[in-house]
There are 2 protein chains.
Amino acid sequence: MPHEIDKIDRAILRILQTDITLSVDDISAAVNLSRNACWRRIKAMEQLGVIKGRVALVDPASVGLPLTAMVLIKTNAHDANWLKQFQTTLQSFPEIVGAYRMTGDLDYVLRVRVADVPAYDAFYKRLTSRISLSDISASFVMEEMKETTAVPL
Amino acid sequence: MPHEIDKIDRAILRILQTDITLSVDDISAAVNLSRNACWRRIKAMEQLGVIKGRVALVDPASVGLPLTAMVLIKTNAHDANWLKQFQTTLQSFPEIVGAYRMTGDLDYVLRVRVADVPAYDAFYKRLTSRISLSDISASFVMEEMKETTAVPL
DNA sequence: GGTGAAAGACATCCCAC
DNA sequence: GTGGGATGTCTTTCACC
């Protein structure tokens, strides 16, 4: 079970999820804690899975992937077999950076990173050849107005 | 203009965007490069903005924010004034972790991190009191099947 | 929770090739 | 681009209040 996360833990997380470049010294100073206590809290949160990992954020445009597509999917195949294949398919496509099962009208939403519209089309063909999806519609992101990995703490 | 990103740069990025815990020694070994050359490439990519930052990923459920809402917005106010206020509103709401202007039917999509449905409702009321939005519909994420910050390289 | 201190690992930078 | 090496900073782990 998740450990109790108190005010200080939240303050630490707020810093770490913005910039992990800072030293433990800097962080402990910012949250008014000793270097040691601060370090212990960070380690504990890593062990508990509150901190899931430390990653570098890559600018998609810089590596030739400026386009994001939101793919809305409806399906009528809801059996266990189909679901299993859908899940493995999701994992095998690196261009799928997000996949969500939704409430309401739409069944699934995918976030897809591609170079351009032709690249999306190629992705679309590969995807639909792998798994049956009764109704797909894509919408492209014209402008990324906000995008953060930081959770509101 | 972005520098040329070659195979080796991509290999480095593939590692860094997954786990930044590894030392430069480990990375250079993985991509068959000397520690020195590898370090220089990383620094260069940071300076060029290919690497946008280094962050810790926080598990939302562990901090009491297990629910994600996708908010689909249509508007008929498209003037510059409205847009400006919309943008500042987006930035001032930390629970909005993503905001996208879209092609097609929907005008905007928001990704919103909240504790539960009542918390979403409170957010909804605060949002609509701040800015006029002619048509909002929310859909909740039942299951996060895939979610990664790693770009397909 | 708070010292302080010690070990070693690591990033950083320089230079010669 | 490679390799070696100097330097200092940081992490990590102590023992102890």
Side-chain angles (χ1 to χ4, degrees), chain A residues 1-64 148-153, chain B residues 1-65 148-151 153:
Chain A
M1 276 296 98
H3 205 63
E4 278 300 297
I5 304 294
D6 65 10
K7 287 262 178 194
I8 298 174
D9 287 327
R10 281 172 190 275
I12 294 172
L13 290 175
R14 226 176 291 128
I15 295 171
L16 289 181
Q17 73 177 348
T18 303
D19 184 10
I20 213 166
T21 291
L22 299 168
S23 69
V24 179
D25 273 320
D26 296 335
I27 298 163
S28 58
V31 300
N32 288 319
L33 216 69
S34 73
R35 166 180 51 252
N36 232 318
C38 189
W39 183 83
R40 267 179 298 220
R41 279 166 182 264
I42 294 171
K43 281 297 139 189
M45 288 193 287
E46 276 176 343
Q47 196 133 28
L48 288 165
V50 178
I51 295 172
K52 287 190 293 183
R54 295 155 175 257
V55 301
L57 299 178
V58 174
D59 176 44
S62 296
V63 292
T148 177
T149 57
V151 148
L153 287 170
Chain B
M1 274 296 96
H3 203 64
E4 278 300 298
I5 304 295
D6 65 12
K7 286 261 179 193
I8 298 174
D9 287 327
R10 282 173 189 274
I12 294 171
L13 289 175
R14 225 177 292 128
I15 296 170
L16 289 181
Q17 72 176 350
T18 302
D19 183 9
I20 213 165
T21 291
L22 297 168
S23 69
V24 179
D25 274 320
D26 295 335
I27 297 164
S28 58
V31 299
N32 289 319
L33 217 68
S34 71
R35 165 181 52 252
N36 235 320
C38 189
W39 182 82
R40 262 179 268 134
R41 279 166 183 264
I42 293 170
K43 283 297 138 191
M45 290 193 285
E46 276 176 342
Q47 195 134 26
L48 288 165
V50 179
I51 296 172
K52 288 190 295 183
R54 295 153 175 259
V55 302
L57 299 178
V58 174
D59 175 44
S62 296
V63 292
L65 296 163
T148 177
T149 57
V151 147
L153 287 171

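So that the names make sense, note that chain A is the first sequence line, chain B the second, and so on, each numbered from 1.
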Positional range of nucleotides in DNA chain D within the contact set of chain B, heavy-atom, under 4.0 Å: D:dG1 to D:dG4
Just so I know, are the side chains of [X] and [Y] near enough to count as touching, which here means a heavy-atom distance under 4.5 Å?
X     : Y      : value
A:L57 : A:V55  : yes
A:D59 : B:V50  : no
B:I12 : B:L16  : yes
B:L65 : A:P152 : yes

Which distance, rounded to the nearest 0.5 Å, do you find between the [atom1] of [X] and the [atom2] of [Y]?
X      : Y     : atom1 : atom2 : answer
A:D9   : A:I5  : CG    : CD1   : 5.0 Å
B:T149 : B:K52 : OG1   : NZ    : 10.0 Å
B:S28  : B:I42 : OG    : CD1   : 8.5 Å

D:dT12 versus C:dT12 - spacing of their P atoms, nearest Å: 15 Å
Run the side-chain donor-acceptor check on residues 30-39 of chain B: report pairs under 3.5 Å with partners two or more places apart or on a different chain.
{"from": "B:S34", "atom 1": "OG", "to": "B:A37", "atom 2": "N", "distance (Å)": "3.2"}
{"from": "B:R35", "atom 1": "NH1", "to": "B:D25", "atom 2": "OD1", "distance (Å)": "2.9"}

All N/O pairs under 3.5 Å across the protein-nucleotides 14-17 of chain C interface:
{"from": "C:dC14", "atom 1": "N4", "to": "B:N36", "atom 2": "ND2", "distance (Å)": "3.0"}

B:R35 side chain near C:dC10 phosphate (N/O to OP1/OP2, under 4.0 Å): no
B:W39 vs C:dA11: side-chain N/O to OP1/OP2 distance below 4.0 Å: no
Minimum-distance pair of heavy atoms, taken over all atoms of B:I20 and A:A56: CD1-CB, 3.7 Å
Evaluation steps, side-chain contact (heavy atoms from CB on, under 4.5 Å), between B:Q17 and B:I51: CA-CA 9 Å; B:Q17 72 176 350; B:I51 296 172; over 6 Å; no
Strand contacts (DNA chain C) in residues 15-33 of chain A, 4.0 angstrom heavy-atom criterion: A:L33
Watson-Crick or G-U stems involving DNA chain C, each at least 3 pairs long, distances under 3.5 Å, ordered by first number: C:1-6 with D:12-17, C:8-17 with D:1-10
side-chain contact (heavy atoms from CB on, under 4.5 Å) partner of A:K43, chosen from A:Q47, A:M45, A:E46, A:R40: A:E46
Intermediate values then yes/no, side-chain contact (heavy atoms from CB on, under 4.5 Å), B:R41 and B:D6: CA-CA 11 Å; B:R41 279 166 183 264; B:D6 65 12; 3.0 Å; yes
Pairing residues for B:T21 by the side-chain contact (heavy atoms from CB on, under 4.5 Å) criterion, not counting sequence neighbours: A:R54, B:D19
